[in-house]
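Notes follow once the structure below has been shown.
Only heavy atoms go into these numbers, but all of them, side chains included; no hydrogens, no water, no symmetry mates. As the structure is a computational prediction, the values presented were derived from the model and not from experiment.
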Amino acid sequence: MKSLLLAVAVAVGLFSLVPTVRFLLGIAIGVPSMLEALPPVLVAVPIVLVMQSVFAIGEEVGWRGWLHGQLRSLGFWPMALLIGAMWAVWHLPVLITLGLDGRSMITYLGTILAAAPLLSALRDYSGTVWAAVLGHGLLNSLRVALEQNTLGVPTQMQAWVLDIGTWVLWILAAWLLLRLRGLARVDHPGSGGDSDLTGG
């Protein structure tokens with residue numbers, strides 16, 4: 001329970017930090033800010049977070065639950081990136097149905113791939129898939145709220161800088177969490193291939 005509570009705090013912190021740094025990067029490269037729209041949006045975030053976390057349970061039991069255990073022998077980064085690639089392909093039919101243009105698809109799918117290692121790291125850090133469920137919910141609620149309501153429309157070049165910069169930030173956040181787990185030397189029971197919700 002202590003590890004899970006700590007993972008909750010870490011998840012909220014990292015999933016807040018990355019979009020915040022993205023906002024600062026946007027300001028630094030000249031993207032107009034739109035902070036006046038942020039307060040009402042943030043009020044709605046807790047409700048959306050609960051909804052998105054509930055929706056994420058089925059996916060996370062599969063991705064960071066069963067499949068995480070099956071692919072663990074590959075090593076963390078190959079496993080996490082492979083799951084991320086499959087997770088991105090999983091979303092592709094929906095994006096095609098929605099009629100997203102190529103640039104928007106790259107942004108969407110790139111974010112999924114880049115954020116996947118952080119969700120896997122949360123899973124390993126806490127020893128439970130519930131941490132990944134929360135991270136998935138935060139990705140679809142808090143991250144979306146901050147990214148869509150703190151900056152105006154960027155130019156194409158600014159959009160690429162924001163995308164690539166944010167992808168790097170997601171990867172760095174996963175690396176940092178792995179470092180923290182290594183320093184803590186936490187060994188969770190059942191971490192060798194479990195597929196249940198509790199990780200135990």
Side-chain angles (χ1 to χ4, degrees), residues 1-22 45-46 48-88 90 110-147 165-200:
M1 178 59 71
K2 182 179 179 181
S3 294
L4 178 58
L5 292 176
L6 185 57
V8 167
V10 169
V12 173
L14 292 177
F15 277 93
S16 301
L17 179 62
V18 172
T20 299
V21 175
R22 178 185 182 276
V45 164
V48 179
L49 170 59
V50 171
M51 293 172 53
Q52 291 294 339
S53 296
V54 170
F55 295 154
I57 291 174
E59 279 194 65
E60 290 307 322
V61 168
W63 299 125
R64 257 65 60 168
W66 179 80
L67 193 57
H68 184 101
Q70 297 301 309
L71 300 179
R72 185 186 296 275
S73 61
L74 297 176
F76 178 83
W77 287 105
M79 170 200 69
L81 291 172
L82 180 57
I83 291 174
M86 289 188 283
W87 189 28
W90 168 271
T111 298
I112 288 176
L113 179 59
L118 179 55
L119 294 175
S120 290
L122 281 170
R123 161 70 167 84
D124 275 351
Y125 185 77
S126 66
T128 168
V129 78
W130 284 114
V133 169
L134 174 63
H136 194 149
L138 288 164
L139 187 70
N140 291 345
S141 58
L142 179 60
R143 190 268 313 176
V144 170
L146 291 176
E147 289 194 3
T166 306
W167 297 339
V168 170
L169 288 172
W170 288 122
I171 296 296
L172 285 176
W175 176 84
L176 176 61
L177 187 53
L178 289 174
R179 291 284 295 173
L180 290 174
R181 184 179 187 269
L183 290 173
R185 297 187 177 277
V186 177
D187 249 341
H188 298 291
S191 62
D194 48 293
S195 59
D196 67 325
L197 276 174
T198 62

Between L14 and A173, the two heavy atoms sitting closest are CD1-O, 4.0 Å
Practice prompt. Using a 4.5 Å cut-off on heavy atoms from C-beta on, say whether the side chain of S16 contacts that of L142.
Written response: yes
Taken in chain and number order and not counting sequence neighbours, the residues that satisfy side-chain hydrogen bond (donor to acceptor under 3.5 Å, both in side chains) with W170 are none
Step by step, work out the side-chain contact (heavy atoms from CB on, under 4.5 Å) result for W77 and W175. CA-CA 10 Å; W77 287 105; W175 176 84; 4.2 Å; yes
Open item on the list: For a 4.5 angstrom cut-off between non-hydrogen side-chain atoms, does L6 reach Y125?
Closed with: yes
d(L177 CG, D124 CG) to nearest 0.5 Å is 9.0 Å
Tightest non-hydrogen contact, residues V48 and S141, listed as CG1-CB, 3.7 Å
Between L81 and L113, the two heavy atoms sitting closest are O-CD1, 3.5 Å
If you define the side chain from C-beta out and look only at heavy atoms, does anything of L134 sit under 4.5 Å from L49?
yes
Heavy-atom side-chain contact between W87 and L119 under 4.5 Å: yes
Value for CZ (R179) from CG (L176), rounded to nearest 0.5 Å, stands at 9.0 Å
R64 side-chain N/O to R123 backbone N/O, donor-acceptor pair under 3.5 Å | no
Smallest heavy-atom separation, A80 atom then P117 atom, equals CB-CA, 3.8 Å
Shortest non-hydrogen pair, G84 vs I112, comes out as O-CG2, 4.0 Å
Self-check item: Candidate pair V61 and V133, rule side-chain contact (heavy atoms from CB on, under 4.5 Å), full reasoning
Solution: CA-CA 8 Å; V61 168; V133 169; 5.9 Å; no
Go through the steps for V144 and Q52 under the test side-chain contact (heavy atoms from CB on, under 4.5 Å), then give the verdict.
CA-CA 11 Å; V144 170; Q52 291 294 339; over 6 Å; no
To the nearest 0.5 Å, atom CG of L118 lies from atom CG of L178 at 9.0 Å
Taken to the nearest 0.5 Å, the spacing of T20 OG1 from R143 CZ works out to 13.0 Å
Check: Are any non-hydrogen side-chain atoms of H68 and V129 less than 4.5 angstrom apart?
Finding: no
Worksheet item: So do E60 and L122 actually touch side chain to side chain, heavy atoms under 4.5 Å?
Response: no
Separation between CD1 (I83) and CD (Q70), nearest 0.5 Å, reads 10.0 Å
- Is the shortest heavy-atom distance from the side chain of H136 to the side chain of W63 under 4.5 Å? no
Rounded to the nearest 0.5 Å, the CG atom of L139 sits from the CD atom of E147 at a distance of 8.0 Å
